[in-house]
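Reading through the structure tokens given below for one structure.
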Amino acid sequence: MNLDKLQVNACLRSGWQAIDLGFLMARAWWRQIYIASLLPLLPLTLVLLLVFSQSPLWSLLFIWWLKPFWERLPLYIASRMLFDEEPGTWSNMKSLPLKDILPWLLWRRFSVQRAFDNPVTVLEELKGTARRERLRILHGRYTDVALGNQLVCFCFELLVAFGLVVMLDFFTPDTLGIRLYDSFGDLTLSGEWIFTLAGIAAITLVMPFHTMAGFALYLNRRIELEAWDIEISFRNLANRKQRATSHRAGMVSAIVFAGLMTLTMPAAVDAAVEHDHESSRQLIESVLQGQDFGEERTVRKWRFKGWSEADDETIPEWVIDFLEWLELFKDWAEVLSNIAAWVKVLLVLAFAGLLFYLFRRYRGPLSRLGRRQPEKTAPEVLFGLDVTPESLPPDVPARVMALWAEAGYREALSLLYRASLSRLIDKYELAFRASHTEAECAALVRAHGIDSLSEYFWQLTNAWRRLAYGHQLPESETIKGLCDGWTAELSDESQ
Amino acid sequence: MNDSSSTISAALNALREHINGRLIGQSQVVDQVLIAMLAGGHVLIEGVPGLGKTLLVQTLAAGIGGKFKRIQFTPDLMPGDVTGHVMFDMSQSKFVLKQGPVFTNLLLADEINRAPAKTQAALLEVMQEYQVTLDGKSMPVSKPFMVLATQNPIEQEGTYALPEAELDRFIVKINIDYPQADDELLIATRYALESFGGDQGEIQQLLDVENAQQQCAAIEVDEKVAEYAVQLVRSTRGTTLLRHGAGPRASIALLRCARALALLNGVSFVTPDDVKSMVLPVLRHRVILAPEVEIDGLGVDEVLGNLLEKVDAPRS
């Protein structure tokens, strides 16, 4: 890390200014950053879309879930470009996305400060306690801004995704017959594809900005903590002084300048002028071990507007009273702490319960998300008729003829029709629906493409309709012919 | 079917063939008009101009040996221009009755929604009661009587939407669309060689409408089929997709049309298929879509199609 090559102006910025800097970085280095994003994203996206071609929303879910994975390479590239360094070899980079990735895809996936915390894992390569300690120092007043960055970028992703969907919907001619929803508001397959592609486009477009904004926040915090701006100022001053001493013409002014600097910042200038590298290091270490270093604290206070510093010295009476009152509960502190811990546990349980309730309440729609068409099972009752194969007599034609001979005309034809439906469902897997009329059932059989079967079923349907709705008895020969037809077309022996 | 039914069926087929021979590529529209006529109802036809609506009515009138009159509805058309009026005859020094164009067999009410509600309402009595009251005196119109009103789905500016009460008087609403490419080629080549509209020449009466209507009323309707028709109509009520469902008059119309369709098909009983086939023409003008469904761009036919899928077909 060579601060002399820092490509951004190292100065103290507010959190939102840092976010702005991140967006500027994303725009300035867009080519490298987008290539770094797309390199791992594109191949996996194609694979996922192929695998989930019938339910492309699953691809979108996977791609969204793997965002911490996609964000690493752009972050690494940006960190190199920040110091005007080469990105490095591929072998350096290829291990990067998988480094400590599991926690980021599990419990840290929903961290609202992901972009801000990411550099600690990816660039500083810290884990466990060291990482926690580091984050404790880095967080502070930037937590809210990091959350803001997450929310803003999430909203932008939604806007871009829905904007693309709406634009496509508006500009797609009706004649193409592409509909996002069917008439009952469920997404069609083409709708799922459009939403998925728009979602992927939105993630790809917004992700670098989000990552760079988080990185800029991290950078800003380091500038603040490690005083990069001061160090760079010192270096610049030293460089200028060295240049000045090398020119005779500027000798006098350099002496005056050095004198001035000696007066204002004696330690820094002396270190640059009078100490060699080793002694400088020792000096720095001794200074760092001094009383003023080694502890960093962030102190926050609430203050009323219009209070002067002097007011801070005077503690209001009511505060003293309140503190004295609190003192009475000193012995209860542990109890109260325990109660608070239990309240916390109860809140977590309540939240988990709420999630469980919501999951149970909406398990239907959730389960439909994954599969567009539930696996069809053969109906047992259709049109009020039992159409299971078990409900049929072993020899249907014989039973039909027996019923016909006993003058059970309606029962006989009803049995033959029911048996035919049962066989068509069981043998040819025809998907009859309860709303289908007789002619619609016959049309389905015709669409199956077996002419002889279609012809037979049409004759049976006509005979059935005449009897059922016209109360016209068919001839016995007709029934005999229909029974023979059943044996030929629908019995177990038929082809 | 008995002999009489067979004769009527043959006559109907002849009439159908005759009309289809002149109005090319609109056989479904022709069937639905014939069904409405057999069911004793009136027809609302919606389609862009120039699809042969006048030709259809003229040909039908000739085929049934009836009279045909046409009213072009305009914003300044008065009720008296439709039904007729009483005027003072100076030469005879007495009031004489001037019958309006409704005194006919087939009345083509062209672009009915261009006239204001008052004029549209002048048709209510004659459509429902088959009579016209003029100067306090009721006069029946000749039978058969049938109104074929047309609407243009585009150019809605300056139109007056038909009130629900009047829409309900139409037994079917038929959507007439452009013919297929082959049919259009045939129309273009045929009529380009003739004077516009063609010449029907002398057409003998092909169908006794009153007799056919009586025969239609005798078509058998099984109880299960009637229940199915009522369930289909009732399914339009209480659904969030529709702001207003169809009333009991729709059930009556649906069964009458199903009977007519059975007669047209030469069958002496009504099947659930007949009922289901007539659902869209009978119901599409009797229901009102919910605003959100309309915003979603769904049409009445689409919503009715979805509702049809939710009603179990009977197996008697």
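Every chain is numbered from 1, with letters handed out A, B, ... down the list of sequences. This one's a predicted model, so the numbers in the text were calculated from it and none came from an experiment.
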| field | Heavy-atom contact with chain A under 4.5 Å, split by part of B:Val311 | value | backbone
| query | Measuring heavy-atom distances to chain A, does B:Val293 have an atom under 4.5 Å in its side chain, in its backbone, in both, or in neither? | reply | neither
| Which answer fits A:Arg466, side chain, backbone, both or neither, if we ask what part of it has an atom under 4.5 Å from a heavy atom of chain B? | both
| query | Does CD in B:Gln180 sit with more than 12 non-hydrogen atoms of other residues, nucleotides or ligands closer than 6.0 Å? | reply | no
| note | For B:Glu309 and A:Arg433 the tightest heavy-atom approach is OE1-NH2, 2.7 Å
| request: Nearest 0.5 Å please: distance from the CG atom of B:Asp312 over to the OG1 atom of A:Thr437. | output: 12.5 Å
| request: Answer yes or no: does atom CD of B:Glu292 have more than 12 heavy-atom neighbours from other residues, nucleotides or ligands under 6.0 Å? | output: yes
| Region of A:Arg465 that comes under 4.5 Å of a non-hydrogen atom in chain B | both
| query | More than 12 heavy atoms of other residues, nucleotides or ligands under 6.0 Å from CZ of A:Phe156: is that the case? | reply | no
| field | Validation row: A:Glu438, B:Pro272 side chains within 4.5 angstrom (heavy atoms) | value | yes
| Within the distance-only criterion (no hydrogens, no angle test), does the side chain of B:Lys224 pair as donor or acceptor with the backbone N or O of A:Tyr469 below 3.5 angstrom? | no
| query | To the nearest 0.5 Å, how far apart are CG in B:Asn306 and OG in A:Ser435? | reply | 10.5 Å
| said: Can you confirm whether B:Asp222 sits close enough to A:His471 that some side-chain heavy atom of one is under 4.5 Å from a side-chain heavy atom of the other? | reply: yes
| query | Looking only at heavy atoms, what is the nearest atom pair of A:Gly470 and B:Glu220, with distance? | reply | O-OE1, 3.5 Å
| Within the side chain of B:Asp273, is there an N or O that forms a donor-acceptor pair under 3.5 Å with the backbone of A:Ala439? | yes
